[in-house]
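Numbers here simply count residues along the sequence, with the first being 1.
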Amino acid sequence: MANARSGSLATILFLFMSSAALHKGAAQDPVVSQNLVTDNVTVVEGEMAIISCRVKNNDDSVIQLLNPNRQTIYFRDMRPLKDSRFQLVNFSDNELRVSLSNVSLSDEGRYVCQLYTDPPQEAYAEITVLIPPGNPIIEARDEVLSEGNETEMTCTAMSSKPAAIIRWMKGDKELPGKPKVELTYDKMYTVTSRLTFTVSKEDDGVPVVCIVDHPAVKDFQAQKYLEVQYKPEVKIVVEFPQGLTREGENLELSCKFRGKPEPQRVNWLKVDDDVPSHAVITGADLYIENLNKSYNGTYRCVASNSIGEAYDDYTLYVYDAPTTTPKSTTATTTTTIITTTISYPEINQDTAPSTEPAAHDSRAGEGAPRTVDHAVIGGVVAVVVFAMLCLLIVLGRYFARHKGTYFTHEAKGADDAADADTAIINAEGGHTNSDEKKEYYI
């Protein structure tokens, strides 16, 4: 009834003002066109909307604001409509500004700014009401996951306008989901996104986040941490010795493992053989005293939980006990002909090729050379050097015995002779004096 009365009053006022405008137009010259403008408004439900009707070059024409049902909200500075949520913010010849508080979805629609001219002018302000979704709901098909299995999660954003957009993040990686949008009876939207992926042991403790994008809200999200069970990871660590394993020494191995659930069973065994009878196994540690080559082989640590089992191997190779290497010496031999000096340099352990074994093998590797006996090598070198020295001495004595002056039986007068015949004749040992040399035999 009140709305009907306000509508009748607005009609009477409109007719009155129109008649006044006609008389005024007949008495005066035409004025410049009046530009009536307004703006569309987007507002979140429950907040305040501001509607502004603005006029340029107004000639005292009346401005009024109508609701989507074309009921007068404000006529100049008067409010015929009995809705206290509408309040006058500003009124002048050039503007009518009205506020609407506590906006609801029913307030959405096209509002009319009207200017009483001949003919009347109208401008339209569209009010759009945004309704944020409720808190997102994230659900997982499996509460506890197993490594390698596929799982499914859903995220729901209910009763929003417009429809929300849902994104998925696993850690710092975005994953694609499959959205489904439903329009409810009250013109609201419900969005459900479904995510399917395969989990690994690295996903344990990683958050899966459902992010809701909507113009009415920011940073709207829900998350769920993954709980993934996986079989053990096993690694054998050599605690002692740090270098090669030799006869007579001790060996200490430690089995490191982790898994979810925590492995409850840890076993040591020797592949294709029995563990030495005097070996000591304490929890995850294996200790063997006084090594010998009969202990060579592959030792295995096995850990298991409800998901499965895993193992790691260590290959033991026992080397000979270390031998004492003679210190380097310098041998010097001198003869009358040649002096020879031979030195045997010490082996630098820092620069010598490493024979350190691999992480899980007490050998340097398959087919690696065994320890070289330096005493044998030194003996061979000494024999070779001794033989060379003997050869040098023999050669020296030979050349010494054949060294000297050689005399010939040339004639002494050969230097003064004019020619060869004269030299022969004048020589002391020539044929002319041969008669003077006689030999007698008794």
Side-chain angles (χ1 to χ4, degrees), residues 1-3 6-7 10 37-54 63-92 95-114 122-139 154-169 177 179-193 209-224:
M1 189 70 177
N3 289 338
S6 62
V37 294
T38 187
D39 301 307
N40 292 331
V41 179
T42 300
V43 60
V44 177
E45 183 183 34
E47 297 183 359
M48 179 181 290
I50 301 295
I51 306 171
S52 175
C53 301
R54 300 182 298 280
I63 306 173
Q64 74 169 354
L65 177 64
L66 309 178
N67 66 11
N69 297 324
R70 299 195 68 88
Q71 296 171 333
T72 303
I73 301 173
Y74 265 92
F75 183 84
R76 297 177 63 90
D77 56 352
M78 296 182 295
R79 192 187 71 211
L81 189 66
K82 303 299 182 180
D83 189 343
S84 60
R85 293 182 304 149
F86 290 97
Q87 295 293 325
L88 182 66
V89 177
N90 182 47
F91 173 72
S92 66
E95 183 185 29
L96 173 61
R97 190 188 311 168
V98 177
S99 67
L100 172 60
S101 61
N102 194 21
V103 176
S104 65
L105 185 60
S106 60
D107 296 322
E108 192 173 59
R110 189 174 70 169
Y111 289 72
V112 182
C113 292
Q114 197 173 71
E122 289 186 351
Y124 306 101
E126 194 77 30
I127 291 185
T128 302
V129 179
L130 302 178
I131 301 178
N135 292 329
I137 302 171
I138 186 170
E139 296 177 332
T154 59
C155 182
T156 304
M158 301 179 63
S159 302
S160 68
K161 180 180 175 298
I165 298 174
I166 296 178
R167 296 183 294 116
W168 291 94
M169 296 289 293
K180 179 182 178 182
V181 181
E182 297 179 353
L183 180 62
T184 59
Y185 67 93
D186 53 355
K187 298 182 180 181
M188 298 289 189
Y189 294 91
T190 296
V191 181
T192 302
S193 180
V209 184
C210 164
I211 303 173
V212 178
D213 294 330
H214 193 273
V217 291
K218 293 182 179 179
D219 299 327
F220 213 34
Q221 63 184 30
Q223 67 179 13
K224 189 175 185 64

Report the distance from atom [atom1] of [X] to atom [atom2] of [Y], rounding to the nearest 0.5 Å.
| X | Y | atom1 | atom2 | value |
| --- | --- | --- | --- | --- |
| S160 | I131 | OG | CD1 | 8.5 Å |
| I63 | R76 | CD1 | CZ | 8.5 Å |
| Q221 | D213 | CD | CG | 10.0 Å |
| Q223 | C155 | CD | SG | 11.5 Å |
| T154 | I137 | OG1 | CD1 | 9.0 Å |
| H214 | I166 | NE2 | CD1 | 11.0 Å |

Margin query: Please evaluate residues T156 and T190 with respect to the criterion side chain to side chain contact (heavy atoms under 4.5 Å, CB included), reporting the C-alpha separation (whole Å), side-chain torsions for both, the decisive distance (0.1 Å), and the verdict.
Written below: CA-CA 7 Å; T156 304; T190 296; 4.0 Å; yes
Is the backbone N or O of [Y] less than 3.5 Å from a side-chain atom of [X], with the two atoms forming a donor-acceptor pair by type?
| X | Y | answer |
| --- | --- | --- |
| T72 | Y74 | no |
| R79 | F86 | yes |
| R85 | N102 | yes |
| T38 | C53 | no |
| N69 | Q71 | no |

Side chains of [X] and [Y]: does their closest heavy-atom pair fall under 4.5 Å?
| X | Y | answer |
| --- | --- | --- |
| I127 | V43 | yes |
| I73 | Y111 | yes |
| K161 | T128 | yes |
| I211 | I165 | no |
| P132 | P215 | no |

Of the non-hydrogen atoms in [X] and [Y], which two are nearest, and what is the gap between them?
| X | Y | answer |
| --- | --- | --- |
| P136 | C210 | CB-SG, 4.4 Å |
| A125 | D39 | CB-O, 3.3 Å |
| S193 | G177 | OG-CA, 3.8 Å |
| E45 | L105 | OE2-N, 4.3 Å |
| L96 | L88 | CD1-CD1, 3.5 Å |
| V98 | V89 | C-CG2, 4.1 Å |

Item checked: Worked verdict on I50 versus R97 for side chain to side chain contact (heavy atoms under 4.5 Å, CB included) -> CA-CA 7 Å; I50 301 295; R97 190 188 311 168; 3.7 Å; yes
Check: Counting only heavy atoms not in M158, do more than 12 fall under 6.0 Å of its CE?
Finding: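 12 or below, so no.
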Margin query: Counting only heavy atoms not in F220 (residues, nucleotides, ligands), do more than 12 fall under 6.0 Å from its CZ?
Written below: yes
Next item on the list: Show the numbers, then the answer: is there a side chain to side chain contact (heavy atoms under 4.5 Å, CB included) between D107 and L100?
Entry: CA-CA 9 Å; D107 296 322; L100 172 60; 3.9 Å; yes
Next item on the list: Under the side chain to side chain donor-acceptor pair (under 3.5 Å) rule, what do Q87 and S101 come out as? Steps first, then yes or no, please.
Entry: CA-CA 8 Å; Q87 295 293 325; S101 61; over 6 Å; no
Next item on the list: For the pair E126 and Y124, evaluate side chain to side chain donor-acceptor pair (under 3.5 Å) and give the outcome as yes or no after the intermediate values.
Entry: CA-CA 6 Å; E126 194 77 30; Y124 306 101; over 6 Å; no
Notebook entry, point to check: Does K187 come within less than 4.0 Å of E108, counting only side-chain N to carboxylate O?
Noted result: no
Next item on the list: For side chain to side chain contact (heavy atoms under 4.5 Å, CB included), just list the numbers for V209 and W168, CA-CA rounded to whole Å, side-chain angles, deciding distance to a tenth of an Å, and then say yes or no.
Entry: CA-CA 6 Å; V209 184; W168 291 94; over 6 Å; no
